[in-house]
There are 2 protein chains.
Amino acid sequence: MEEIKDTEKQILNAAKEIFLQKGFDGARMQDIADKAGINKAMLHYYFRSKDRLFESVFRELTSNIFPKLFQSLMSEMPFEEKLKSIVNNYMDFLVINPDLPLFVFREINSNPERIANILKDVVKIDDFKNQLKGNVDNAISESGLENIDATQVVLTLLGACIFPAIAKNLIKIVFKMTEDDYVDLMIKRKEQLPKILINGLKK
Amino acid sequence: MEEIKDTEKQILNAAKEIFLQKGFDGARMQDIADKAGINKAMLHYYFRSKDRLFESVFRELTSNIFPKLFQSLMSEMPFEEKLKSIVNNYMDFLVINPDLPLFVFREINSNPERIANILKDVVKIDDFKNQLKGNVDNAISESGLENIDATQVVLTLLGACIFPAIAKNLIKIVFKMTEDDYVDLMIKRKEQLPKILINGLKK
DNA sequence: TTATTATTTAACCATTTGGTTAATACGAAA
DNA sequence: TTTCGTATTAACCAAATGGTTAAATAATAA
């Protein structure tokens, strides 16, 4: 474990909040300093520049969940079991971190280079495509899945989990939900998704 | 049809591109002017401020598809038919406008007030929740759907369509796809989704 | 043609924003 | 206590950015 100075940690936490909500372009160094309750110069003292601070934040936010998710997708478990485990773990994660996916997609879109650069040491995607294909093709033959592309399976699975997180604020407006309502929705979804997905993807 | 001056239209088109890719915060008035090939002062001459220009762009981008989508969701067609029609229409739309959903969600997240303000005259969501519930409940009893919440049905349907659009750039990186590959993926998905969704949501 | 109005531009302006710096406060070792 | 490196701050700075303006140009009506 790296020893992280108290101030440094405060900055990182404040920066996480601001970057998550406002994105790189919308985030203001002064706002981050204010939220951390310290002088703006400290941001540069500890992290040098907005870019570097952002990079640290992005790394902290993704370096756990990204590899974990990729690993889960590649694991050799039987398909149905694997799917259930991913849905469970990932939905729990999303209830706690509802704005991470939108953050990631937003940044990829508005500044692909910056993110591609960071991503390549956060996660090894070198041969993800082929490994995944092999892995899902097996599942198809073993457990009577509809013969569809591995990519489609992954998109269906991830979309079913992630979309409600991305759309969180719109959902709350359109369906007039409180925060509690939303959490409820996600918990119920966690229970219902495996069946929906398995039935949907089966032959 | 409103007559729109040539310059005004050029500005609007350039602004669409820039706002879609960079979002409100990342967009630069100068970049929009450059892309439109006109002097920056023209932006203010025609649209007064960045906020107003953004508002016009947002309206143009959403004022067709939003009500159309809401209407489709509320239509009284038999459930399976309705679902197929939504998937078809909406997937076609997304292939042509892949960055609209991310744009909308992004802006809702980073500046909820601004968007809520615009949205309320773009689409009537007053009693969407109850109308939708009635509508889907009917479908449940009529066509042997699993007894799940209407909200979940809508999220599953929309997520399955929209997520691949939101994730477009990441998908292209992770699966090493060209633009053509991606379009292929979406076209195939359009064919496969109705079956996946209906099987998944059925009892 | 001339007067008048609408359109366009280059040069500015004020504010915001990321970043720096010089001076100060603090803490630990000597 | 003194010394010395670390942490912190207030005051600045330069560049970027949204927005304005006065003058010029084009278009239109008289």
Side-chain angles (χ1 to χ4, degrees), chain A residues 2-60 103 106-107 109-111 113-115 117-118, chain B residues 2-60 103 106-107 109-111 113-115 117-118:
Chain A
E2 289 257 338
E3 266 298 306
I4 296 187
K5 288 262 174 9
D6 195 53
T7 308
E8 196 173 336
K9 211 186 297 182
Q10 275 174 263
I11 294 174
L12 226 40
N13 285 336
K16 267 187 210 172
E17 270 192 64
I18 302 275
F19 277 132
L20 272 174
Q21 205 213 329
K22 301 282 186 177
F24 181 87
D25 292 322
R28 296 289 159 253
M29 294 296 266
Q30 188 60 60
D31 292 347
I32 296 175
D34 291 349
K35 176 148 281 181
I38 46 99
N39 189 282
K40 182 167 68 95
M42 291 278 83
L43 304 185
H44 296 96
Y45 181 79
Y46 282 103
F47 295 93
R48 204 170 200 96
S49 68
K50 189 183 182 185
D51 278 83
R52 300 266 201 133
L53 175 56
F54 177 85
E55 200 181 313
S56 295
V57 165
F58 192 95
R59 280 220 155 75
E60 269 219 0
F103 168 74
R106 181 216 312 245
E107 298 304 327
N109 220 242
S110 59
N111 199 330
E113 311 81 40
R114 186 184 2 238
I115 305 304
N117 233 9
I118 307 176
Chain B
E2 289 257 339
E3 267 297 305
I4 295 186
K5 290 261 172 12
D6 195 52
T7 308
E8 196 173 336
K9 209 185 301 182
Q10 275 173 263
I11 294 175
L12 226 38
N13 285 336
K16 267 188 211 172
E17 271 192 66
I18 302 276
F19 278 131
L20 272 174
Q21 206 212 329
K22 301 282 187 177
F24 181 88
D25 292 322
R28 296 289 158 253
M29 294 296 266
Q30 188 61 60
D31 291 347
I32 296 175
D34 291 348
K35 177 149 279 182
I38 47 99
N39 189 284
K40 181 168 69 99
M42 291 278 85
L43 304 185
H44 295 96
Y45 180 78
Y46 282 103
F47 295 93
R48 203 169 200 96
S49 68
K50 190 184 181 185
D51 278 82
R52 301 267 201 129
L53 175 55
F54 177 85
E55 200 181 313
S56 296
V57 165
F58 193 95
R59 281 220 155 74
E60 269 221 359
F103 168 74
R106 182 216 308 247
E107 299 303 328
N109 220 242
S110 59
N111 199 330
E113 311 81 41
R114 181 177 15 233
I115 304 304
N117 231 11
I118 307 175

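Letters A, B, ... mirror the listed sequences (proteins, then strands); counts begin at 1.
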Calculate the interatomic distance between [X] atom [atom1] and [N] atom [atom2]; express it in whole Å.
X     : N      : atom1 : atom2 : answer
A/K22 : C/dT17 : NZ    : P     : 11 Å
B/M42 : C/dT8  : CE    : P     : 5 Å
A/I38 : D/dT9  : CD1   : C1'   : 10 Å
A/Y45 : C/dT24 : OH    : C1'   : 14 Å
A/L43 : D/dT8  : CG    : C1'   : 12 Å

Are [X] and [Y] packed together at the side-chain level, in the sense that at least one heavy-atom pair is separated by less than 4.5 angstrom?
X      : Y      : answer
A/F24  : A/S110 : no
B/N109 : B/E107 : no
B/N111 : B/I115 : no

Within residues 14-42 of chain B or reaching into it, pairs that qualify as salt bridge (Lys or Arg N to Asp or Glu O under 4.0 Å) - sequence neighbours excluded
B/K16-B/E60, B/E17-B/K35
Could you run down nucleotides 10-29 of chain D 5' to 3' and tag each one B, S or - for protein heavy-atom contact under 4.0 Å?
B------SBBBB--------
Short side-chain N/O contact from B/Y46 to OP1 or OP2 of C/dT8, under 4.0 Å:
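So the side chain of B/Y46 is within the cut-off, an N or O lying under 4.0 Å from OP1 or OP2 of C/dT8.
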Under the side chain to side chain donor-acceptor pair (under 3.5 Å) test, residues paired with B/D51 that sit two or more places apart
B/R114
Kindly say whether the aromatic ring centers of B/F103 and B/F19 come within a distance under 6.0 Å.
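No: the rings miss the under 6.0 Å criterion.
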